Participant: 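Got a structure for you, written out below as structure tokens; questions coming shortly.
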Amino acid sequence: MKIIDSHTGGEPTRIVIDGGPDLGGGPLADRVRRFRDEHDRIRSAVCNEPRGHDAMVGGLLCEPHAPDCVCGVIFFNNVAPLGMCVHGTIGLVATLAHLGRIGPGEWGIDTPVGVVRATLDEGGRVTVANVPSYRTEKDVLLSVPHVGEVRGDVAWGGNWFFLIEDSGPPVNFGNLEQLTWFGGCVREALRTEGFTGDDGSEIDHVEIFGPPGDPAVADGRNFVLCPGGAYDRSPCGTGTSAKLACLAADGKLAPGEVWRQAGILDSVFEGSYTPLEGGRILPSISGRAWVNGESNYVFNESDPFRYGIRTQPSNPDAS
Ligand code: PYC
């Protein structure tokens, strides 16, 4: 199995470019189910220790089903397949450019949540037109055990987010442990109180905001807790999209105006949006990824951990 590693603003992406499981043809939404149900050990082999770690995001390069796409991709992390992943899409584009499969220009990428369009510029910067994003609830009051009352918004940016503005530990790198603990308590409270996205899905990303480290380079800094318990090293493109949806709904950001979102490492994504019908927006997120490794995986039958150390299989019945 052949792998290319990259990072986008510090957040890793590991693309399986060859030797992945055969998922057949058809829409990516069907293929991601086959991947989850029949090939979960490949997800684990790529993302989990000993080859990976909790922050790793993998992507399986596939033939596209939708017309006019350069490729398809199924993203996944240490616990399950992901809906959409913007930092991963930026990493994928950098990987395809590294392989010489694409050059500067606009490219369609088929994913389980629809086609996304990514533009690579001459300098290596990638802009992703993400999926339509929207806020479903504003100022939800949540009673969080061990923490107290926390207010936040619920929004979709390709994944479900609970966005917190005015509570929690200060958002800086020195507070990683406290932020992770706080985010975990909030996520657990959302689950036990029965808050979900408007499609009934779990709100599995918690995003906490603070002021930027340097207002000359960013408008705000975030901390994003991902479903597997790791924090996003990048500003999180789907999280930035959810933020744009909230800013747009509150009338705090005009169409086309740029929002500079720093992550916890102070790497920055730039986001703007085009309004859509029904209060939805089409976010555009740009950032940069760097390829930093190429590997050929060996699966030795005698190695008990050749498919990774699986702490949380996304489907316990899968092989
Ligand atoms: O950039 O969309 C993103 C993302 C989702 C999870 C980790 N990164």
Side-chain angles (χ1 to χ4, degrees), residues 77 82-87 130-173 175-212 218-253 259-264 269 271 273 278-281 283 285:
N77 67 8
L82 284 168
M84 170 55 188
C85 183
V86 172
H87 96 265
N130 193 16
V131 296
S133 301
Y134 54 101
R135 178 169 74 186
T136 54
E137 289 185 72
K138 179 177 164 65
D139 245 353
V140 173
L141 183 61
L142 192 64
S143 174
V144 182
H146 315 297
V147 167
E149 291 192 334
V150 174
R151 283 187 185 277
D153 292 2
V154 177
W156 170 257
N159 292 297
W160 283 106
F161 288 83
F162 191 68
L163 300 97
I164 301 166
E165 208 55 68
D166 294 317
S167 23
V171 177
N172 62 58
F173 193 69
N175 283 338
L176 276 183
E177 251 176 60
Q178 297 92 312
L179 286 159
T180 301
W181 178 81
F182 175 85
C185 292
V186 169
R187 185 166 53 210
E188 185 55 20
L190 288 164
R191 207 179 57 77
T192 52
E193 298 278 315
F195 286 101
T196 63
D198 65 358
D199 58 356
S201 304
E202 186 182 346
I203 302 165
D204 54 5
H205 290 70
V206 176
E207 185 166 9
I208 306 158
F209 293 92
D219 299 305
R221 185 194 272 151
N222 70 10
F223 167 89
V224 177
L225 185 67
C226 297
Y231 69 92
D232 196 329
R233 276 70 174 158
S234 82
C236 191
T238 49
T240 301
S241 301
K243 172 72 175 176
L244 293 175
C246 296
L247 289 168
D250 289 334
K252 291 184 175 165
L253 191 76
W259 176 260
R260 300 163 306 164
Q261 182 65 60
I264 198 72
F269 285 168
Y273 72 90
R280 296 182 178 219
I281 62 159
I285 308 291

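Keep in mind that what you see is a predicted model, and the values were worked out from it rather than measured. One is the number of the first residue; the rest follow in order along the sequence.
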Participant: Quick one, H205 and L225 - any side-chain contact, counting heavy atoms below 4.5 Å?
Facilitator: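 Sidechains of L225 and H205: no contact.
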Participant: Identify the heavy atoms of P169 and L179 that sit nearest to each other, and give their distance.
Facilitator: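 Looking at all heavy atoms of both residues, the closest pair is O-CD2, 3.5 Å.
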Participant: Kindly indicate whether the side chain of F269, heavy atoms from C-beta on, has any atom under 4.5 Å from the side chain of H87.
Facilitator: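 In contact.
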Participant: Side chains of S241 and N130: any donor to acceptor distance under 3.5 Å?
Facilitator: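 Checked: N130/S241 side chains pair up, N/O donor to acceptor below 3.5 Å.
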Participant: Among residues two or more places apart or on two chains, list those pairs meeting side chain to side chain donor-acceptor pair (under 3.5 Å) that have a residue in residues 141-155.
Facilitator: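 Pairs touching residues 141-155 that pass the test: R135-D153.
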Participant: With a 3.5 Å distance limit and no angle check, can you tell me whether Y134 reaches the backbone of C246 through a side-chain donor-acceptor pair?
Facilitator: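 Side chain of Y134 to backbone of C246: no pair is present.
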Participant: Working to the nearest 0.5 Å, report the span between CG of D139 and CD of E165.
Facilitator: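 With rounding to 0.5 Å, CG (D139) is 10.5 Å from CD (E165).
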Participant: What's the separation between atom CG in L82 and atom SG in C226, rounded to the nearest 0.5 Å?
Facilitator: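 Rounded to the nearest 0.5 Å, the CG-SG separation comes out at 8.0 Å.
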Participant: Could you check whether atom CG of D166 has more than 12 heavy atoms from other residues, nucleotides or ligands sitting under 6.0 Å from it?
Facilitator: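 Result for CG/D166: open.
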Participant: To check you understand the geometry: which heavy-atom pair defines the closest contact between V154 and V140, and what is its length?
Facilitator: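 Shortest heavy-atom contact: CG2-CG2, 4.3 Å.
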Participant: Would N175 and Q178 count as a side-chain contact (heavy atoms from CB on, under 4.5 Å) if you check the C-alpha gap in whole Å, the side-chain angles of each, and the deciding distance to 0.1 Å?
Facilitator: CA-CA 5 Å; N175 283 338; Q178 297 92 312; 3.4 Å; yes
Participant: Can you check whether P235's main-chain N or O pairs, donor with acceptor, with T240's side chain at less than 3.5 Å?
Facilitator: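 Answer holds: yes.
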Participant: Do L163 and F209 have side chains that approach each other closer than 4.5 Å (heavy atoms only, starting at C-beta)?
Facilitator: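 In short, these two side chains touch, coming nearer than 4.5 Å.
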Participant: Not counting sequence neighbours, list each pair that qualifies as a ring-ring contact (aromatic ring centres under 6.0 Å, His included) and has a residue in residues 178-201.
Facilitator: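 Not a single pair qualifies under ring-ring contact (aromatic ring centres under 6.0 Å, His included).
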Participant: Which pair of non-hydrogen atoms, one from L176 and one from Y231, has the smallest distance, and what is that distance?
Facilitator: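 It is CD1-OH, 3.5 Å.
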Participant: Tell me if a side-chain donor or acceptor on S133 pairs with a main-chain N or O of V131 at a distance below 3.5 Å.
Facilitator: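 Present.
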Participant: I want to check something: taking the side chain as every heavy atom from C-beta on, are P145 and V147 in contact at a cut-off of under 4.5 Å?
Facilitator: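 Heavy-atom side-chain distance check fails, nothing below 4.5 Å.
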Participant: With heavy-atom distances below 4.5 Å as the criterion, would you say the side chains of L244 and I285 are in contact?
Facilitator: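 Yes. Closest side-chain heavy atoms under 4.5 Å.
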Participant: So, applying side-chain contact (heavy atoms from CB on, under 4.5 Å) with F223, which one of D232, I164, V171 is it?
Facilitator: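 Among the candidates, only V171 passes.
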Participant: Would you check if L142 and E193 make a side-chain contact, meaning some heavy-atom pair closer than 4.5 Å?
Facilitator: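 Sidechains of E193 and L142: in contact.
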Participant: Give the minimum heavy-atom separation between A155 and W160, together with the two atoms involved.
Facilitator: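 Of all heavy-atom pairs spanning A155 and W160, the closest is O-CE3, 3.5 Å.
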Participant: Distance alone, cut at 3.5 Å: any donor-acceptor contact between the side chains of D198 and W156?
Facilitator: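 On atom types as modelled, these side chains do not qualify, holding no pair under 3.5 Å.
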Participant: Would you sort out whether D204 and R191 count as a side-chain contact (heavy atoms from CB on, under 4.5 Å), showing the intermediate values?
Facilitator: CA-CA 9 Å; D204 54 5; R191 207 179 57 77; over 6 Å; no
Participant: Between F161 and V206, is there a side-chain heavy-atom distance shorter than 4.5 Å?
Facilitator: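 A side-chain contact is absent here, since even the closest heavy-atom pair is not under 4.5 Å.
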Participant: Roughly how far, to the nearest 0.5 Å, is CG of L190 from CZ of R187?
Facilitator: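 Those atoms lie 9.5 Å apart.
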Participant: Evaluate the side-chain proximity of C85 to T238: yes if any heavy-atom separation is below 4.5 Å, no if none is.
Facilitator: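 Of all side-chain heavy-atom pairs linking C85 with T238, none is under 4.5 Å.
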Participant: Indicate yes or no for a side-chain donor-acceptor contact from N222 to the backbone of V224 under 3.5 Å, with no hydrogens or angles considered.
Facilitator: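 A pair under 3.5 Å: no.
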